[in-house]
Amino acid sequence: MINGNGLFVKFTDKEYIDSLLAGSLYFSKPRDFANASGPGTDGVRDPDEGAVVSKFSSDQYDIKVTSDNPKLNKLLSGIFSKKTTVTSRFVNESINYVRTCSLAFISFPEDLCQLHDGTFRIKKSVISGLKEIANFRPAVIYNAVCFEKGIEDFAKSLGTGPNNNPHHINKIRHDCVQYSDTSDRDPKGKIIDYKKMTVTDAMNVGFYKGLSFSSQKKYRIAISTSDTGNFTITIPLEAGSAKKIKSVDDLANCVISLK
């Protein structure tokens, strides 16, 4: 949880706006984002989604790569005789039991700039980052406090009746994504062994994205499930806590008053 004030922003195609306003959220497989396929991926390809990404430096490890080709062997030995960093990407089958939904998070007051009259606008750098995922689409904005309360209320409702958990949801985690060149550690900093990954480990991997995606300001909801497909859940929302905007330009032009 973020336990802070701000706005969540979910860009989508026009036909999905009403369902988002009603609290319906589409959850997909993390590896869908590796090829930017399916609803909710924003069309932004990230081959590291759902994978454990580690980096190994030659000044920390003895890195050796060999080949049956003598000429290639000579070339590789020359490369790895210098200071070199190797990136590994591993996908464990436990990721098949995780579904995610992502939104952008605008944090108050960190992502705001103050005007002369004491009101605020969203920083231009934040707007610029949102335009990369907006693709000229409309969006729904959510009051962050009310939205997170809706997630918590939904989680509490699971298992209270025979028909209240049709997607066999086990755990829910929601938090801001951290941007790093690796994703091989759990929230406590312990290195994840990709060969022995649990489903919880697979959920935690989803809260890391590469540094090149930092402008997206992602907030993510991750669910562990035994369901085999993608699905939609509906969280309860307070009246007035969700609003439609026509484009990211509406956010750029809005004036915000903090009380």
Side-chain angles (χ1 to χ4, degrees), residues 1-12 16-33 38-41 49-50 92 94-108 139-178 183 185-188 190 192 197-209 216-243:
M1 292 182 65
I2 58 169
N3 290 319
N5 198 11
L7 293 175
F8 292 126
V9 186
K10 182 65 176 177
F11 293 99
T12 190
Y16 301 119
I17 288 292
D18 287 342
S19 61
L20 285 172
L21 287 169
S24 293
L25 303 171
Y26 182 78
F27 284 76
S28 56
K29 301 172 184 177
R31 293 304 291 169
D32 286 352
F33 293 83
T41 63
E49 278 287 1
N92 185 284
S94 59
I95 199 66
N96 296 325
Y97 301 99
V98 176
R99 301 293 180 270
T100 60
C101 175
S102 298
L103 304 88
F105 176 52
I106 302 174
S107 178
F108 295 172
V140 172
I141 57 174
Y142 302 93
N143 176 291
V145 174
C146 296
F147 186 88
E148 287 211 305
K149 181 178 183 299
I151 297 173
E152 291 296 310
D153 289 345
F154 173 83
K156 291 175 183 177
S157 72
L158 295 175
T160 57
N163 300 316
N164 281 9
N165 195 359
H167 301 297
H168 312 288
I169 294 170
N170 299 310
K171 292 182 181 179
I172 299 177
R173 179 187 171 189
H174 52 106
D175 208 342
C176 288
V177 169
Q178 298 183 53
S183 60
R185 296 179 184 273
D186 67 14
K188 295 182 179 180
K190 182 182 178 181
I192 296 172
M197 278 178 65
T198 65
V199 175
T200 298
D201 289 332
M203 291 177 68
N204 291 332
V205 164
F207 288 88
Y208 291 92
K209 282 182 72 71
Q216 295 180 356
K217 300 184 66 63
K218 288 285 187 181
Y219 169 91
R220 183 160 284 176
I221 311 162
I223 286 175
S224 64
T225 175
S226 56
D227 205 319
T228 57
N230 297 342
F231 53 79
T232 298
I233 68 168
T234 300
I235 65 170
L237 295 174
E238 294 182 18
S241 64
K243 300 288 185 182

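For the numbers below, each heavy atom of this structure counts, side chains included, while hydrogens, waters and symmetry mates do not. Quick note: residue numbers are just sequence positions, from 1.
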Apply the test side-chain contact (heavy atoms from CB on, under 4.5 Å) to residues L103 and F11: give CA-CA distance (whole Å), side-chain angles for both, the deciding distance (0.1 Å), then the verdict.
CA-CA 8 Å; L103 304 88; F11 293 99; over 6 Å; no

Residue pairs involving residues 223-238 (criterion salt bridge (charged side-chain N to carboxylate O under 4.0 Å, His left out); sequence neighbours excluded):
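Residue pairs with at least one partner in residues 223-238: there are none.
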
Working to the nearest 0.5 Å, report the span between [atom1] of [X] and [atom2] of [Y].
X	Y	atom1	atom2	value
L25	F154	CG	CZ	9.0 Å
H167	T228	NE2	OG1	11.0 Å
I95	S224	CD1	OG	11.0 Å
D201	N204	CG	CG	6.5 Å
I221	E148	CD1	CD	8.5 Å
N165	S157	CG	OG	8.5 Å

Are [X] and [Y] close enough that a side-chain donor and a side-chain acceptor fall under 3.5 Å?
X	Y	result
D32	N230	yes
Y219	D175	no
R220	S102	yes
S24	T234	yes

Indicate yes or no: at least one non-hydrogen side-chain atom of [X] is less than 4.5 angstrom from one of [Y].
X	Y	value
I106	I141	no
L20	Y26	no
I151	I172	yes
V140	T12	no

Mind checking whether F27 and F231 have parallel, tilted or perpendicular rings, split at 30° and 60°?
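Because their plane-to-plane angle is under 30°, the rings of F27 and F231 count as parallel.
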
Do the side chain of R99 and the main chain of G229 share a donor and acceptor less than 3.5 angstrom apart?
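Yes, R99 side chain to G229 backbone: donor-acceptor pair under 3.5 Å.
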
Does Y97 OH have over 12 foreign heavy atoms under 6.0 Å away?
no

Which heavy-atom pair separates [X] from [Y] by the least distance, and what is that distance?
X	Y	value
N5	A144	C-CB, 4.5 Å
I235	G150	CB-O, 3.8 Å
V98	P30	O-CD, 3.1 Å
M203	A222	CE-O, 3.4 Å
V9	A139	CG1-CB, 3.9 Å
Q216	A104	O-CB, 3.7 Å

Using 4.0 Å as the upper bound for N to carboxylate O, is an ion pair formed by R173 and E152?
no

Centroid-to-centroid, Y142 to F8, below 6.0 Å?
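That pair fails the under 6.0 Å test.
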
